[in-house]
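Worksheet: one structure, shown below.
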2 protein chains.
Amino acid sequence: MSLRHAVLGLLAEGPASGYDLMKLFDVSLANTWPATQSQLYSELGKLAEAGLVAVAAEGPRGRKEYAITDAGRAELRRWITDVEPTRVTRSDMLLRVFFLAQVSPEEARGYLRNQAGLAAERVERLEGIRPFVEDGDDNLSRYGRIALEYGLRLGKAQQEWAEWAESQIK
Amino acid sequence: MSLRHAVLGLLAEGPASGYDLMKLFDVSLANTWPATQSQLYSELGKLAEAGLVAVAAEGPRGRKEYAITDAGRAELRRWITDVEPTRVTRSDMLLRVFFLAQVSPEEARGYLRNQAGLAAERVERLEGIRPFVEDGDDNLSRYGRIALEYGLRLGKAQQEWAEWAESQIK
DNA sequence: AACTACATGTAAGAAGTTACATGATTTT
DNA sequence: AAAATCATGTAACTTCTTACATGTAGTT
């Protein structure tokens, strides 16, 4: 049920069309909660039906601009403060680690070395988007910076772990 | 498609019934790739149909003991070495951070403080399972320790981040 | 006139969750 | 005899992915 709240959260900053939201997703939530276009449009339809958003304006090319309603705002706040975040996040990267005995030690080390590299790349990529949120004083930029820091810290921890793990395989 | 490989990975250590696998999941992969009973049984059916596992023995109460086949072992190795782990892992915990401007600063800080506490608890819980894998020299224990270290490191990083984040909200 | 950007939708399928449903052995 | 454990399955529903399908308005 989180896509629904992701959409509500973006609409809380101002009205937008499905098309606008898609672009917004790509520059803000892409690393946290990716969404596809088809998912977005159907979610907007359901949100409208539930009265959490409403079509505020119609434009050219069938454009429908959605705005969050009071009920939508209330639901968003309820979700933030009263709903416990999901416990486990699945990781197929880590799942493979359990089964590394099934490949040769060289391959196992290679796997971990590769993961260390990918984590490093991810960290670099995130560093690369920092300039774009650095001096925004809108809500999404402000909290986006905090989310970015999360990605940076966790990415580094993951890289260090992978390097350590590689050294553990005799 | 990862549940399939999780099952193959466990069966690579030895034959087991769906019931056995369920218990194995709970003590080994639960934090990395949880699975429900219904999911497991239907996956075993599909794996058998695909020839990646086979019923090796039948026991009382309709017990069916499955064993991995050569094709299953090959598929497992292929998945480990040739398939790129999924890039993004969704986090509804982090998603909420983007929208923290929608609640009061006190509530926002409370949210982050709570997350710091939950991360700390998770780390403690993981420390608690360490004794159980500490001196196993089977594959699952050996690599389980490396996976455990991942959980510990990432959990601590998450806790520290949440504490830092709380301090950032004026 | 052609191209790019804007804009919305449908359909099929895979993966995961929750709940229901049933029954046989073994242990106390 | 009762309770706990073993053991397997089905059904309904939600979420997510991938691919298909269509058309309009603005720019060069």
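All values below come from the heavy atoms of this structure, side chains included, with hydrogens, waters and symmetry mates left out. Order of the sequence lines fixes the chain letters, A, B, ..., with proteins taken first and strands second; residue numbering starts at 1 for each chain. Please read all numbers here as calculations on a predicted model, not as lab measurements.
Distance CD (Glu49(B)) to P (dA14(C)): 12 Å, rounded to an integer number of Å. The nearest whole Å value for the distance from the NZ atom in Lys64(A) to the C1' atom in dC6(C) is 15 Å. Whole-Å rounding puts the Leu3(B) CG to dC16(D) C1' distance at 16 Å. Atom CG in Asp92(B) sits roughly 13 Å away from atom P in dT17(C) (whole-Å rounding). The CD-C1' distance, from Glu65(B) to dC6(D), rounds to 14 Å in whole Å. The CE atom of Met22(A) sits 16 Å away from the P atom of dA5(C) (whole-angstrom rounding). One interatomic measurement links the two molecules: OH of Tyr19(B) to C1' of dT22(C), which rounds to 15 Å at whole-angstrom precision. If you measure from atom CG of Leu95(B) to atom P of dT15(D), you get 14 Å, rounded to the nearest angstrom.
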Let me check something: any side-chain donor-acceptor pairs from residues 70-78 of chain B under 3.5 Å, sequence neighbours excluded? List them with distances.
{"unit_1": "Glu75(B)", "atom_1": "OE1", "unit_2": "Arg78(B)", "atom_2": "NE", "d": "2.9"}
{"unit_1": "Glu75(B)", "atom_1": "OE1", "unit_2": "Arg78(B)", "atom_2": "NH2", "d": "3.3"}
{"unit_1": "Glu75(B)", "atom_1": "OE2", "unit_2": "His5(B)", "atom_2": "NE2", "d": "2.7"}
{"unit_1": "Glu75(B)", "atom_1": "OE2", "unit_2": "Arg78(B)", "atom_2": "NH2", "d": "2.8"}

Determine all donor-acceptor pairs shorter than 3.5 Å in which one atom belongs to a side chain in residues 112-119 of chain B; sequence neighbours excluded.
{"unit_1": "Arg113(B)", "atom_1": "NH1", "unit_2": "Glu166(B)", "atom_2": "OE2", "d": "2.3"}

Which atom pairs, one a donor and one an acceptor, fall under 3.5 Å between side chains of residues 141-155 of chain A and the rest of the protein, sequence neighbours left out?
{"unit_1": "Ser141(A)", "atom_1": "OG", "unit_2": "Asp138(A)", "atom_2": "OD1", "d": "2.6"}
{"unit_1": "Ser141(A)", "atom_1": "OG", "unit_2": "Asp138(A)", "atom_2": "OD2", "d": "3.3"}
{"unit_1": "Arg142(A)", "atom_1": "NH1", "unit_2": "Asp137(A)", "atom_2": "O", "d": "3.1"}
{"unit_1": "Arg142(A)", "atom_1": "NH2", "unit_2": "Asp137(A)", "atom_2": "O", "d": "3.2"}
{"unit_1": "Arg142(A)", "atom_1": "NH2", "unit_2": "Asn139(A)", "atom_2": "OD1", "d": "3.4"}
{"unit_1": "Arg145(A)", "atom_1": "NH1", "unit_2": "Val133(A)", "atom_2": "O", "d": "2.6"}
{"unit_1": "Arg145(A)", "atom_1": "NH1", "unit_2": "Glu134(A)", "atom_2": "O", "d": "2.9"}
{"unit_1": "Arg145(A)", "atom_1": "NH1", "unit_2": "Gly136(A)", "atom_2": "O", "d": "3.0"}
{"unit_1": "Arg145(A)", "atom_1": "NH2", "unit_2": "Gly136(A)", "atom_2": "O", "d": "3.3"}
{"unit_1": "Glu149(A)", "atom_1": "OE2", "unit_2": "Arg153(A)", "atom_2": "NE", "d": "2.8"}
{"unit_1": "Tyr150(A)", "atom_1": "OH", "unit_2": "Gln158(B)", "atom_2": "OE1", "d": "3.4"}

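The CD1 atom of Ile80(A) sits 7.5 Å away from atom CZ of Phe99(B), with the distance rounded to the nearest 0.5 Å.
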Reading nucleotides 22-28 of chain D from 5' to 3' and marking B where a protein heavy atom lies under 4.0 Å of the base, S where only the sugar-phosphate is that close, and - otherwise, the string is -BBB---
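The shortest distance between the side-chain N/O atoms of Arg63(A) and the OP1/OP2 oxygens of dA7(C) is below 4.0 Å. Residue Arg90(B) places at least one side-chain N or O under 4.0 Å from the OP1 or OP2 atom of dT17(D).
Residues from residues 26-47 of chain A with heavy atoms under 4.0 angstrom of DNA chain D, sorted by number: Trp33(A), Thr36(A), Ser38(A), Gln39(A). Near-neighbour residues of DNA chain D inside residues 6-18 of chain B, defined by a heavy atom below 4.0 Å, number-ordered: Ser17(B), Gly18(B). Heavy-atom distances under 4.0 Å link DNA chain D to no residue of residues 73-85 of chain A.
In this structure, Val88(A) shares a hydrophobic cluster with no other residue, the cluster being traced through Ile, Leu, Val, Met, Phe, Trp and Tyr side chains under 4.5 angstrom apart. Cluster partners of Tyr41(A), using a side-chain heavy-atom cutoff of under 4.5 Å among ILVMFWY residues and allowing indirect links, are Tyr19(A).
Remark: Gln159(B) pairs with Glu163(B) by the side-chain hydrogen bond (donor to acceptor under 3.5 Å, both in side chains) rule, at least two apart or across chains. Taking the side-chain contact (heavy atoms from CB on, under 4.5 Å) definition, one finds that Ala54(B) meets it with Thr69(B), sequence neighbours left out. In this view, Ser28(A) and Leu10(A), Leu24(A) satisfy the side-chain contact (heavy atoms from CB on, under 4.5 Å) rule, not counting sequence neighbours.
Under the 4.5 Å side-chain contact rule for hydrophobic residues, Val53(B) and Val55(B) share a cluster. Under the 4.5 Å side-chain contact rule for hydrophobic residues, Ile169(A) and Leu140(B) share a cluster.
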Worked verdict on Asp20(A) versus Arg63(A) for side chain to side chain contact (heavy atoms under 4.5 Å, CB included) | CA-CA 10 Å; Asp20(A) 296 338; Arg63(A) 175 187 172 93; 2.6 Å; yes
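Residue-level contact check: Arg4(A) touches neither bases nor backbone, having no heavy atom under 4.0 Å from any strand. Across all strands shown, Met1(A) has heavy atoms under 4.0 Å from sugar-phosphate atoms exclusively, and none from any base.
Under a 4.0 Å N-O distance rule, the pair Arg130(B)/Glu127(B) qualifies as a salt bridge.
Judged purely by distance below 3.5 Å, without hydrogens or angles, the side chains of Gln102(A) and Glu13(B) pair a donor atom with an acceptor atom.
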